[in-house]
2 protein chains.
Amino acid sequence: MIHFNRKTEYALIAMEHMIRKEDSHDIGASQLTSAREVAEAYQVPYSLLAKVLQQLAGRGLIKSVHGTKGGYILAKDPEEISVIHIMEIFEGPMALAECFKEEKITCPQWDGCRIKHPLSQLNHKIYHLLADTSVAHLVAGH
Amino acid sequence: MIHFNRKTEYALIAMEHMIRKEDSHDIGASQLTSAREVAEAYQVPYSLLAKVLQQLAGRGLIKSVHGTKGGYILAKDPEEISVIHIMEIFEGPMALAECFKEEKITCPQWDGCRIKHPLSQLNHKIYHLLADTSVAHLVAGH
DNA sequence: TAATATAGGACTAGCATGGTCTTATATGCT
DNA sequence: AGCATATAAGACCATGCTAGTCCTATATTA
């Protein structure tokens with residue numbers, strides 16, 4: 001199916017939130033965003049969201065600050081982060097068919113398969129659609 | 001995840017097979033294609049493939065002929081059948097996010113959600129990519 | 001030292017996927 | 001007539017993923 005899983009959705013929601021926060025040049029307001037803040041703002045389960053943010057931090061997309069008043073802040077230019085990048089963190093490599101993500105071909109149909117080439121073209125088109133959409137683009141006005 | 005399930009894959013393989021068979025103007029050779037024939041040609045589990053063809057027949061995409069020497073034959077111009085059409089038979093309505101396929105909005109985040117619009121644009125683009133690819137396009141030379 | 005933040009592992013209910021098996025029915029061939 | 005073989009369709013099931021919870025450890029501030 002063509003579908004984001006929840007972790008991807010939560011990650012995109014959180015990223016959009018953080019980008020917008022950075023945009024609003026509120027002097028004084030902390031630029032840090034905590035997991036709890038996002039969970040409450042969007043009615044999303046805290047524990048799960050916390051994990052999501054941890055993974056984003058682990059991948060270096062956001063930077064974490066421990067302790068009270070801690071939280072997360074963008075670590076990269078959001079223009080440089082694509083939707084496919086986020087997706088692949090939480091869902092693994094994107095591939096319309098299993099065979100498109102294998103190093104070694106294990107599909108028993110591979111040799112006789114006559115649809116792999118046209119489908120792999122489709123695969124590429126979808127991939128680039130997602131690769132050409134940056135998370136910054138999710139923010140209204142960008 | 002962005003991924004076809006097996007039924008969709010098997011359906012596309014079978015459709016391509018039937019289109020190619022129709023193209024080759026073998027006089028005398030039956031135009032009918034049996035589930036067993038496809039299963040053996042592409043090393044695909046027979047019982048599952050049989051179900052897939054039944055569903056395609058039920059949707060009127062192919063026509064079935066009972067009995068010995070029976071089988072299936074295309075019931076429509078393959079140019080008129082899109083990949084998304086096949087997909088939605090086996091995987092339900094396509095939607096990047098759950099909320100894009102609901103009649104009544106049940107998503108608790110809906111009102112506060114700030115990414116639904118940009119994501120729904122992405123959704124549309126992917127949909128049209130799949131809608132603009134006909135199964136005929138899967139056949140080499142088309 | 002208490003409160004609150006991230007870090008991360010273990011665990012689980014529910015569900016979709018991919019598949020098998022069985023039975024019924026239609027048709028062609030000998 | 002009777003058998004082989006085709007579609008039709010239902011029940012059933014093992015496995016794996018999803019989405020979520022819970023618990024513990026560590027860091028930081030007040």
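Chain A is the first sequence line, chain B the second, and so forth, proteins listed ahead of strands; every chain is numbered from 1.
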Of the listed nucleotides ([options]), which one gets closest to any side-chain atom of [X]?
X        : options                   : answer
Tyr10(A) : dT6(C), dG20(D), dG19(C)  : dG20(D)
Thr68(A) : dT6(C), dG19(C), dT29(D)  : dT29(D)
Ser47(B) : dA4(D), dC21(C), dA7(C)   : dC21(C)
His66(B) : dG18(C), dA26(C), dC29(C) : dA26(C)
Tyr72(A) : dA7(C), dT18(D), dA8(D)   : dA7(C)
Lys51(A) : dA19(D), dA6(D), dG8(C)   : dG8(C)

- Message: Using a heavy-atom cut-off of 4.0 Å across all strands, would you classify Ser34(B) as base, sugar-phosphate, or nothing?
- Response: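 Contact class for Ser34(B): sugar-phosphate only.
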- Give Ala35(B) one of three labels, base, sugar-phosphate or nothing, depending on what nucleic acid heavy atoms sit under 4.0 Å from its own.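 Ala35(B): backbone/sugar contact only, no base atoms under 4.0 Å.
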Using atom types as modelled and distance alone, determine if a side-chain donor or acceptor of [X] lies under 3.5 Å from a backbone N or O of [Y].
X         : Y         : result
His124(B) : Ser120(B) : yes
Gln43(B)  : Gln109(A) : no
Glu88(B)  : Met94(B)  : yes

- Query: How do Lys7(A) and Leu53(B) order along DNA chain D: which one's closest nucleotide is nearer the 5' end?
  - Reply: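 The 5'-side residue here is Leu53(B).
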- Start with the C-alpha gap between His3(B) and Glu91(A), add the side-chain angles, then the distance that decides, and say whether side chain to side chain donor-acceptor pair (under 3.5 Å) holds. CA-CA 11 Å; His3(B) 204 285; Glu91(A) 318 188 10; over 6 Å; no
